[in-house]
Each structure stands twice: as structure tokens, then as C-alpha cells.
*Asks:* 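Supplied in C-alpha cells, the structure appears directly below.
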Amino acid sequence: MDDRKERIYVKVYDHQTEQLASKPMVELMKEMIAAQMPISFEREALKAQAIIVRTFLVRQVKSLGGSGCSQYEDADFCTGGHCGDWISKESLMALWGSDFHINWTKLEEAVKETGDQIITMNNKPIEPRYHITCGGATENSENVKGNKILYLRKVLCSYCNNSPYWKQTVEMTIEEIEEKLKIKMSETSSIEGPWIQGMVENVERDEDGRIIEMKISGTTFKGTDLVALLGLDSTRFGWKPISFKFEIGGKGDGLGLCQYGANAMAREGKDAEEILNYYFTGVSIKEFEKRSINMPLSGKIIVLDPGHGGDNSEDNEGPTGVREKDVNLAISSSLAEILRKAGAEVYETRTEDVYVSLGKRAALANKIRPNFFLSIHQNAFANPNISGSEVYHYRGDRDGETLGNLILKELAQSLGTAERGVKIADFYLLREVRTTALQIEVAFITNPEEEQKLQDQVSRKDAAEAIGKALIKYYSYE
């Protein structure tokens, strides 16, 4: 197994233990495939599902640039069904019994043989939808999701005609339908009966309600003939449906891959890539770009904002005249170098002693839309005994809070400063920057001991390294 893939971990929220744990991505993939597709399916069909699962996880895992679980903000994936079908390895052991080793090997091969492949359009992972049986044709996205998605286009499919879900019937009583739909069907007198298009139509009665003639399934009968043929006692009769039989073609919403169709295509000799290209329109199957161990921030965009600069009346000075703007710039410059070496794409609001308005700083960030906007500052207070590090984030920003805590711990360990907490603030940049933004107060420049540290070039680099370590830990696989 490729060692690089073994280093990719997914933060999984376990509903049974109610705890967050790290699970190797390759292990989670096998459990997800087992829950989503019958293990008896052909090798190439299982490989197609493996690529679908990997595409989903690349979109989901935060360390890979994904959005994470929307229900549990610290998690990439949850096991309760909210993030997709999943079954634990332990449950599979009990389910498969003596066949476990054979089946687990099939899953391992499906994951291994597809390498790092995902489904992409315009070099971005798609939303990899799938269903069990389409019943003759897949569906356009706008008919399910309400918006047009280029790769989720209707395709004709006769491959799934051997699926047990190709044609099904379900019977429900009127009462069941009323209960499920929360409706009340209109009632007619049992001596009258409703017209049912295509079945019961053109009912003609006399003034006493006796049937003169009526059309049943396209054929017109006299009332007296119906009495004789059906063995009724009178032409004064009605009817009342008591149940419906629903005839169903397929199973699922029809978007994306038809699994039984994929299995039939695999039997015909089609490989996983051919299967996926048939069901997803205009896509490319590519290996996703992973961060190497030496470039842990590859693909991440960071904006660094050294506070103040130029002639700024808000700039603070320490007891011996150390200027905050100079310290901020020195730390930011060192941090930019560290982050670039780690693979990040770094932008700086200033690289020299110039004044840049808050509006221009926010505008730059909003144009770039980075993963994080980090504003570097030094704190100040009238009482010179006050010391320590603080980090501020905008209210409700959980990502900011998480990274803020990591930064605070690293600064305390590196500089020996006290952890004064990660706090909520309504500062202009935190409010106006439309991505996660933090204001990092490295230390109190008005505290003599901390000013002395901030004056030292080594300590400034230590502060930069601490912030860089925190970012790498935030995006850590483990």
C-alpha cells in the first residue's frame, strides 16, 4: 500500500461512542464501499464505487480542502448516515462470517487498484451521486436538486434490466395513503362512484341514479349488461376504491451512477473509468493532488496582515521604544517564508513600512478568498504588568476558534507567554473579511519582559514558527 495514502486520516465522529477519532482514509473507504454496493458485484463495478467514495471524501475532508461534516463542525465524516452510508469493519465481520477475508480482500483491491483517482470536472472533484437502479434512464439534476449540473445529465440505460428493482409493485390502502400524505381524499356516495380516467368514464345515469351506460377501460357497456356480466342486483350501483397498486421502475433518485447498470457493464468487459464516463457527462478521472510530508500546506491560500505601518496613530510602542508595526512586519515576513516552504500560497497586505487602510486590506482578502486571513499584532495596556498572548475571531467562526487555540498553545510554548484565551471580537477586519479571519496578539509590547523578547530577532522568528506550526497542525492528517 502506498505510504502516502496511509498518512491521510479522516476525522470521524462516531455516533455510538459520541467521540471524534482519526481513521485512515483507506480503511474508511472500504467500510463505505461495503455499505453502499453489494460485495457480490463485479470487480470493475466495485472499483467505480471506490472512485466515487474517494471523490466524496476529497470533497469532505478538511485537510484535503474539503468542507467537513455540516452537522459536527470538528468532524470530516459522521457515522450516523448524515454523511453517507457506512458500516464498521467489526459489523462486517459478524455479517460475512467465514467469507469476511475474501470480501475484505475484494474491497482492499478496489481501493488499491484505483490509486488516488477521483472524478473531476474543470480539475475539481464533482459531487459523485449514485443510486441502485435507474429503471431505464438516469435523471437530470434540475429535476431532483432544482439546479442544472453539467455532469449530472440524463443517460439512457438498459444495463440494469436484470436488477431486482427494475420493476416493483407496492399496494397501499386509501387510509395508508391519507395518513402518509396527511390528506383526506374526497368521499363520494357509495351509490355514485368517481370517474377514473382511462378506467371508469362517461358514466350516464337516469334521474333515479340508475346507470344507463358507462365506459370501462375504453369499452362502453349498458347498465343492464353490467348487471348481468358482473352479477349485480341492480343498475343503481356505484364503486369505491379501497387501495392503490403503485408500479415502480428503479430505486433511487436517478442521479449519477446506476449501480446495477455499472455491474452489468463490468460483466460486459467495461472498466471502472468507462463506466464512470458513461454515467457522468464530460468528466475526467484523475489522481487528486495530495500534500506531501514536506509540503503539508500545499494548495492552501493564506493572507498575512502585519498590523499598522506607515504613519499610524494607533501604532503602539514599548517602554524602550520598540514599535509594534516593525515587530508585526518582521513576524509576518518570517511567517510568509515558513508557509511558502510548507507549500502554501501566501499573500501579504504589506511588505514594507507603509500605511494600508483597513478597507484595502479587507478588499484584498475578499478578492483572493484565502483559507485563512491572519492579522499579526502586539497588545498594549496602561498597566505594564499585564502580559500574555491572545487571539480574536468573529462570533460563530468555529474554524477560527479551533486554529486560534492551536496558535495560542504554540505561542505559549515557544515564547513562554501566558495563554490569555481565544476570544470573540467585532473588529473591522474580522467582520468584513468574508473568510475565516484571526487577529493574533502575540504579546504585550507594553510589558518590559515581553518587549525585550519582541525586540530579539530570534524570538520574532520563534513567534512566526509557532503560528506556522499551528497552521500545519490544523491541516494535519493525524
Side-chain angles (χ1 to χ4, degrees), residues 32-38 40-42 44-60 66-67 70 81-86 114 117-172 177 180-181 183 198 244-268 270-286:
M32 292 176 68
I33 298 165
Q36 295 173 7
M37 177 175 274
S40 60
F41 273 24
E42 297 291 320
E44 293 300 321
L46 289 169
K47 286 168 64 176
Q49 192 68 25
I51 296 171
I52 282 176
V53 168
R54 186 181 295 109
T55 305
F56 168 81
L57 289 175
V58 168
R59 287 170 56 96
Q60 194 81 359
S67 59
S70 61
H82 166 259
C83 290
D85 293 331
W86 167 88
T114 53
Q117 290 181 324
I118 61 172
I119 314 168
T120 68
M121 177 170 274
N122 298 327
N123 292 317
K124 295 181 180 180
I126 69 165
E127 181 184 358
R129 299 293 290 259
Y130 67 91
H131 56 282
I132 297 173
T133 301
C134 69
T138 64
E139 184 61 283
N140 288 323
S141 62
E142 56 267 31
N143 295 331
V144 178
K145 294 170 64 68
N147 60 299
K148 184 175 181 178
I149 299 174
L150 294 178
Y151 51 81
L152 294 177
R153 299 288 87 206
K154 176 181 178 179
V155 297
L156 298 178
C157 170
S158 60
Y159 292 106
C160 59
N161 58 8
N162 289 324
S163 165
Y165 307 104
W166 175 257
K167 287 288 184 282
Q168 305 172 76
T169 59
V170 174
E171 288 194 26
M172 291 186 196
I177 294 172
K180 290 176 183 292
L181 298 181
I183 61 171
F244 276 85
K245 179 185 284 187
F246 295 93
E247 295 186 352
I248 307 160
K251 184 174 183 178
D253 62 14
L255 289 182
L257 178 83
C258 169
Q259 291 184 319
Y260 270 86
N263 196 47
M265 291 181 73
R267 284 203 190 106
E268 292 185 1
K270 302 290 194 300
D271 63 27
E273 188 166 343
E274 290 175 301
I275 292 168
L276 293 171
N277 275 301
Y278 181 78
Y279 287 107
F280 295 98
T281 304
V283 299
S284 299
I285 312 300
K286 297 181 178 181

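Counting from 1, the numbers follow the sequence of the chain as shown.
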*Asks:* Crowded around I183 CD1? As in, over 12 foreign heavy atoms under 6.0 Å?
*Replies:* yes
*Asks:* I'd like to know if the side chain of H82 pairs up with that of S70 as donor and acceptor (distance under 3.5 Å, no hydrogens or angles considered).
*Replies:* yes
*Asks:* What are the two closest heavy atoms between V283 and N277, and how far apart are they?
*Replies:*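 Looking at all heavy atoms of both residues, the shortest contact is O-OD1, 3.2 Å.
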*Asks:* What are the two closest heavy atoms between C83 and Q60, and how far apart are they?
*Replies:* SG-NE2, 3.5 Å
*Asks:* For T138 and L255, indicate whether the former's side chain and the latter's backbone hold a donor-acceptor pair under 3.5 Å.
*Replies:*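 A pair under 3.5 Å: no.
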*Asks:* Work out which heavy atom in A266 is nearest to a heavy atom in A45; give both atom names and the distance.
*Replies:*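 Minimum heavy-atom contact is CB-N, 3.9 Å.
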*Asks:* Which residue pairs pass the salt bridge (charged side-chain N to carboxylate O under 4.0 Å, His left out) test with at least one member in residues 151-167, sequence neighbours excluded?
*Replies:*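 Residue pairs with at least one partner in residues 151-167: E142-R153.
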*Asks:* Provide the closest heavy-atom pair for Y278 versus V155 in the form atom of the first, atom of the second, distance.
*Replies:*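 Looking at all heavy atoms of both residues, the closest pair is O-CG1, 3.7 Å.
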*Asks:* Are side-chain N/O atoms of R59 and S67 paired as donor and acceptor at under 3.5 Å?
*Replies:*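 No pair is found: no donor N or O on one side chain lies under 3.5 Å from an acceptor on the other.
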*Asks:* Would you find a donor on one side and an acceptor on the other, under 3.5 Å apart, between the side chain of T120 and the backbone of S284?
*Replies:*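 Yes, because the side chain of T120 sits within donor-acceptor range (under 3.5 Å) of the backbone of S284.
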*Asks:* To the nearest 0.5 Å, tell me how far M172 CE sits from F244 CZ.
*Replies:* 11.5 Å
*Asks:* Do the rings of Y260 and Y165 sit parallel, tilted or perpendicular, given the 30° and 60° boundaries?
*Replies:* perpendicular
*Asks:* Looking only at heavy atoms, which two atoms of H131 and G252 are closest? And how far apart?
*Replies:*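 In terms of heavy atoms, the two residues are closest at CB-CA, 4.0 Å.
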*Asks:* Please check this pair: side chain of E44 against backbone of A272, looking for a donor-acceptor N/O pair closer than 3.5 Å.
*Replies:* yes
*Asks:* How close do F56 and P128 get, heavy atom to heavy atom, and via which atoms?
*Replies:*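 For F56 versus P128, the nearest heavy atoms are N-CG, 3.7 Å.
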*Asks:* Does a salt bridge link E127 with R129, judged by any charged N lying under 4.0 Å from a carboxylate O?
*Replies:* yes
*Asks:* Hey, could you give me the CG/CG distance between L276 and L257, rounded to the nearest 0.5 Å?
*Replies:* 6.5 Å
*Asks:* Under 3.5 Å, is there a donor-acceptor pair between the side chain of D271 and the main chain of E274?
*Replies:* yes
*Asks:* Hey, which of K270, K47, E42 is the one that makes side chain to side chain contact (heavy atoms under 4.5 Å, CB included) with I275?
*Replies:*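 Testing I275 for a side chain to side chain contact (heavy atoms under 4.5 Å, CB included) against K270, K47, E42 leaves exactly one candidate, K270.
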*Asks:* Does the separation of the ring centres of Y279 and Y130 fall below 6.0 angstrom?
*Replies:*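 Ring-ring flag for Y279/Y130: false, centres at least 6.0 Å apart.
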*Asks:* Within the side chain of Q36, is there an N or O that forms a donor-acceptor pair under 3.5 Å with the backbone of I33?
*Replies:* no
